[in-house]
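Here the structure comes first, spelled out in structure tokens, and everything after it is commentary.
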Protein chains: 4
Amino acid sequence: MARQPRADAQRNRARVLEVAARVFATEGLSVPVHEIARRAGVGTGTVSRHFPSKHDLFAAILLARLEQLTAEADALNQQTDPGVAFFTFFATLVHAGAANRGLAEALAGAGYDLESAAADAGYDVTAGLRGLLTRAQLAGAVRDDVDSADVKALMTGCLSRVGSGGGADTAALDHLTAVVCDGLRSKPG
Amino acid sequence: MARQPRADAQRNRARVLEVAARVFATEGLSVPVHEIARRAGVGTGTVSRHFPSKHDLFAAILLARLEQLTAEADALNQQTDPGVAFFTFFATLVHAGAANRGLAEALAGAGYDLESAAADAGYDVTAGLRGLLTRAQLAGAVRDDVDSADVKALMTGCLSRVGSGGGADTAALDHLTAVVCDGLRSKPG
Amino acid sequence: MARQPRADAQRNRARVLEVAARVFATEGLSVPVHEIARRAGVGTGTVSRHFPSKHDLFAAILLARLEQLTAEADALNQQTDPGVAFFTFFATLVHAGAANRGLAEALAGAGYDLESAAADAGYDVTAGLRGLLTRAQLAGAVRDDVDSADVKALMTGCLSRVGSGGGADTAALDHLTAVVCDGLRSKPG
Amino acid sequence: MARQPRADAQRNRARVLEVAARVFATEGLSVPVHEIARRAGVGTGTVSRHFPSKHDLFAAILLARLEQLTAEADALNQQTDPGVAFFTFFATLVHAGAANRGLAEALAGAGYDLESAAADAGYDVTAGLRGLLTRAQLAGAVRDDVDSADVKALMTGCLSRVGSGGGADTAALDHLTAVVCDGLRSKPG
DNA sequence: TATGAATGAGGGTTCATTCAT
DNA sequence: CATGAATGAACCCTCATTCAT
């Protein structure tokens with residue numbers, strides 16, 4: 001049986017992860033590791049123990065998120081209505097991103113390479129997205145002339161709607177998301 | 001009256017500005033000032049003299065660009081067809097951002113704060129955009145339920161379509177831009 | 001009377017000592033304590049409990065070796081031929097050093113101070129060496145104008161002949177040892 | 001023409017080099033760069049500017065020394081008496097090493113890799129030593145059964161005679177050197 | 001007693017900015 | 001004015017040691 005006394009360690013790890021996610025989301029990726037440690041109430045070494053490099057810490061945050069999203073994509077693939085599945089996932093992505101600026105930056109391609117890390121870990125959101133998109137297109141729910149890269153770009157656009165400040169303007173975000181989904185729907189002609 | 005700067009100084013300033021614009025556009029905002037100076041063939045002190053801080057240098061570059069864009073917005077406001085004017089400006093913004101990674105980052109809200117610098121200098125692209133948008137909406141060319149922030153977000157989304165690599169995939173960018181414009185057009189119902 | 005340590009503790013201590021000896025011998029003194037613990041299959045705290053500081057661990061290893069060497073010196077002092085006794089011990093020292101990089105470093109004077117630790121523990125190799133040397137000199141088997149410090153220096157020299165790699169080039173080491181012993185032998189004139 | 005205002009820079013560079021040589025020689029290679037800077041009365045960045053990494057600083061010190069030694073070996077190769085040439089160079093190496101603990105460590109093979117750096121810079125002391133040795137052996141002044149690696153090992157041995165403290169015991173060093181040279185001389189039988 | 005997570009000082013290096021030349 | 005050497009705070013990371021479990 002696995003040793004149990006990791007209670008503290010687990011809590012610290014979770015705490016660091018949580019603080020780092022919030023700090024990176026709020027203030028960007030350039031916040032020193034030292035500062036993360038300070039706010040989490042641990043020593044710098046503790047952060048390093050759990051996440052050997054800053055990159056690893058960042059990757060851990062994203063992968064945790066991606067794991068959820070991949071699972072969600074899989075679940076939605078079981079959904080009967082392909083259109084509903086796709087648009088639901090799109091909204092999910094937007095909301096996930098909105099809550100985490102670090103994630104958004106990474107998704108936007110700036111800074112760390114998310115895709116490869118995700119691929120390494122087996123969480124391929126892009127594949128999930130592509131699957132949902134294709135299915136929706138085959139069902140005639142989404143225009144045929146967009147690909148998953150387009151969809152990701154539009155998601156990034158929606159994300160950029162929310163400022164770096166607090167998350168109060170969810171309404172604006174949701175509205176823009178709706179507009180974009182509108183635009184993605186199949187055109188009659 | 002202000003002293004007329006030496007011809008040398010003028011030339012150096014221009015040269016630094018030009019090199020920095022290219023470098024920031026190509027490689028992002030994290031390039032050391034030292035490197036800018038080196039490529040411009042001047043000392044680091046010369047850069048600092050003209051632009052006391054890195055932020056100032058960056059602001060100067062963007063302001064030059066924003067000045068152009070503001071002027072273009074003004075010119076398009078004279079255009080007879082409000083819809084054409086708006087969509088033309090939208091495409092212009094996208095292309096400008098695509099050609100300049102630093103500008104894109106700034107427009108996306110990452111890194112330095114563009115808006116305030118622009119406001120300080122009197123070049124308010126957002127105002128120009130808002131004007132064109134309103135006119136297009138009044139003319140029934142653009143959906144009523146979007147505002148300038150939405151449009152900027154969509155522009156950012158389009159920009160994120162081009163990777164950090166070379167600008168070879170203009171086709172994909174243009175296509176996505178077209179799709180987005182499509183979505184912005186007034187809906188019948 | 002001192003408490004009899006637990007059997008567990010004894011075994012762990014021995015195991016750490018053994019692993020550390022091998023690791024220090026193979027890879028030098030800069031190997032992290034953490035690594036010693038890992039290879040010994042114990043926690044870092046266990047190492048620290050038995051050897052409060054890294055220095056103490058190192059001293060303990062060397063003292064074990066020095067105890068052997070001191071005993072050997074004593075044994076050789078009973079030997080009838082003083083010259084044979086001395087040269088045998090010299091070769092023994094060289095081989096001991098060659099087999100143990102940490103010991104070699106310590107004998108060479110780099111890193112931790114071996115002598116004082118040895119003196120504290122009552123194992124004085126230098127004294128043993130000095131005794132053998134003096135006896136050999138009185139018997140006319142070794143030049144009169146060298147002292148034990150010279151002999152130790154020559155030993156260090158021999159040791160430096162073997163590279164940091166594997167111990168395959170024993171031949172070269174033995175040859176150099178022979179040459180040095182040759183030089184130490186009494187001169188006719 | 002080359003710019004001249006390097007007066008300060010040159011002085012600082014020389015000063016850092018000099019201080020570093022002394023400090024490394026006195027206290028070994030583990031002294032922090034920060035400490036070198038402090039003692040030289042400059043900022044840490046100044047050291048880094050002149051010597052991008054600690055290794056580079058160290059190499060610069062040694063190379064300066066090796067350049068001298070290589071030149072000396074070349075000069076001695078012109079000397080008529082091969083035996084005198086060889087033994088003179090041997091003594092020179094010993095004295096150079098004795099005056100510089102860092103050099104000694106490097107010559108002994110510990111720490112940074114001197115040989116390759118020297119080879120890169122074209123200062124191959126080992127080659128010089130080998131040349132002098134071979135010539136002396138052909139002339140019958142040195143035993144045939146030693147090679148340059150043996151000689152270097154013996155040199156290291158002599159060096160280890162001087163403790164890490166002050167250099168007052170030159171007499172002992174010189175004496176040991178003489179003894180070693182004695183042993184290297186050709187044997188009649 | 002054993003564990004290994006936590007600590008935090010200290011390492012080398014980078015770089016925006018200042019200032020003597 | 002131009003220069004680029006100097007500055008030193010800040011960064012990320014390592015590791016000997018301590019201490020709660």
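Chain naming here is simple, since letters A, B, ... match the order of the sequence lines and numbering starts at 1 in each.
Looking at Glu18(B) and Arg15(B), no side-chain N of the basic residue comes within less than 4.0 Å of a carboxylate O on the acidic one, giving no salt bridge. Taking the charged nitrogens against the carboxylate oxygens, Glu35(C) and Lys54(C) have no contact shorter than 4.0 Å, which rules out a salt bridge.
As rounded to whole Å, 14 Å separates atom C1' of dA20(F) from atom CZ of Arg49(A). Rounding to whole angstrom units, CG of residue Leu57(D) and P of dG12(E) are separated by 10 Å. Arg15(C) has its CZ atom 11 Å from the P atom of dT3(E), to the nearest Å. As rounded to whole Å, 15 Å separates atom P of dT14(F) from atom CZ of Arg38(C). Nucleotide dA2(E) holds its C1' atom 9 Å from the NE2 atom of His50(C), rounded to whole Å. Between the P atom of dA16(E) and the CZ atom of Phe58(B) lies a distance of 14 Å, rounded to the nearest Å.
For Asn12(A), the listed nucleotide lying nearest its side chain is dA5(E); candidates were dA2(F), dA5(E), dT3(E).
Pair assignment for dT3(E): dA20(F), on the basis of Watson-Crick or G-U wobble contacts that are both within less than 3.5 Å. Look at dG8(E): its Watson-Crick or wobble partner, with both distances under 3.5 angstrom, is dC15(F).
For Thr44(C) against dG4(E), a side-chain N or O and a base N or O form a donor-acceptor pair under 3.5 Å.
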Please list, one pair per line, the donor and acceptor atoms closer than 3.5 Å that link side chains of residues 43-53 of chain C to other protein atoms, with sequence neighbours excluded.
from: Ser53(C); atom 1: OG; to: His55(C); atom 2: N; distance (Å): 3.3
from: Ser53(C); atom 1: OG; to: Asp56(C); atom 2: N; distance (Å): 3.2
from: Ser53(C); atom 1: OG; to: Asp56(C); atom 2: OD2; distance (Å): 3.3

